[in-house]
Amino acid sequence: KGSVVTVYAGTSTGSGFAIDVEPPSGYSTAIITAHHVIEEATVQGGPDVSVGQETERITAELWSWDARYVLALLFVTAELKPLPWASDEGHDPQEGEDVIALGSPFGLEGSTTEGIVSNIADQDTIFTSATINSGNSGGPLLNRFGEVLGVNVQRIKPELGEGGFAVKIERACLVILDCSSGS
């Protein structure tokens, strides 16, 4: 729970989580979130980005992003415990596997929804029956070991049923991180 934060950028609010990446000088923790959570901040003169837990807010540095794969990387000066990646432990996502989506839907920090992996598409996208509501986009999709399978990015349209999509965490290595020396 101490690894997951609420991300604020202008009128947008979402979630993010600490990952094990060496931050640049002056920063202590790397955080992944969804691109659409910080999109307002990607334009010149856009709003500042901050992260929070409970009542504390910390200024975040928007470092990189990829709109196509809906991912963004932030750095903060606060020390947060990174979440382990399932792939580093040999636990790749499996259809039918129990999962939990963590985040701050509707501003309710630390909320969880549970479900199963419904489908794994195109090696990048995990479909889950765990509901992704407004605000928990950018948070982690965890397996039963508490390891990150993906980044929650989108809710399934209500008329199609409950559930959501997550981008597999390994995609971050290809679009916003240098993972040549680990996760």
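By convention here, the first residue in the shown sequence is residue 1.
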Are any of the side-chain heavy atoms of T6 and Q53 separated by less than 4.5 Å? no
| Validation row: V167, L71 side chains within 4.5 angstrom (heavy atoms) | yes
Would you say N152's side chain and P140's backbone share a donor-acceptor pair under 3.5 angstrom?
yes
Should V151 and V70 count as side-chain neighbours, where that means a heavy-atom distance under 4.5 Å?
no
request  = Show your reasoning for whether side chain to side chain contact (heavy atoms under 4.5 Å, CB included) applies to F165 and S118.
outcome  = CA-CA 10 Å; F165 304 98; S118 303; over 6 Å; no
Looking at T13 and G135, would you say the former's side chain and the latter's main chain have a donor-acceptor pair under 3.5 Å?
no
Closest heavy-atom pair, A30 versus V21, reported as atoms and distance to 0.1 Å, is CB-CB, 3.9 Å
- Query: If you measure only the distance, is there a donor-acceptor pair under 3.5 Å linking the side chains of H36 and S137?
  - Reply: yes
So do the side chains of V7 and L74 get within less than 4.5 Å of each other, counting heavy atoms only?
yes
*asked:* Just checking D48: does its CG atom have more than 12 heavy atoms from other residues, nucleotides or ligands closer to it than 6.0 angstrom?
replied: no
Original post:
Does the side chain of I100 come within less than 4.5 Å of T113's, by heavy atoms?
Top reply: no
In short, salt bridge (Lys or Arg N to Asp or Glu O under 4.0 Å) pairs touching residues 134-145 with sequence neighbours left out are none
Take T77 and I58 through the side chain to side chain contact (heavy atoms under 4.5 Å, CB included) test and state the conclusion after the steps.
CA-CA 8 Å; T77 56; I58 306 157; 4.2 Å; yes
Here the salt bridge (Lys or Arg N to Asp or Glu O under 4.0 Å) pairs for residues 22-33, sequence neighbours left out, are none
Margin query: If we ignore hydrogens and angles and just use 3.5 Å, is the side chain of E89 paired with the main-chain N or O of A86 as donor and acceptor?
Written below: no
Determine whether a donor-acceptor pair (N or O, by modelled atom type, separation under 3.5 Å) exists between the side chain of S129 and the backbone of I116. yes
Is there side-chain contact between D92 and S87, with heavy atoms separated by less than 4.5 Å? yes
> Is it true that a side-chain atom of T128 and a backbone atom of G164 form a donor plus acceptor pair closer than 3.5 Å?
Replying inline: no
Next item on the list: Evaluate side chain to side chain contact (heavy atoms under 4.5 Å, CB included) for I31 paired with I19, printing each intermediate quantity in order.
Entry: CA-CA 6 Å; I31 294 175; I19 59 170; over 6 Å; no
Sorted by chain and residue number, the side-chain hydrogen bond (donor to acceptor under 3.5 Å, both in side chains) partners of T11 (sequence neighbours excluded) come out as E40
Practice prompt. Describe, in one word, how the ring planes of H91 and F145 are oriented to each other, choosing from parallel (under 30°), tilted (30 to 60°) and perpendicular (over 60°).
Written response: parallel
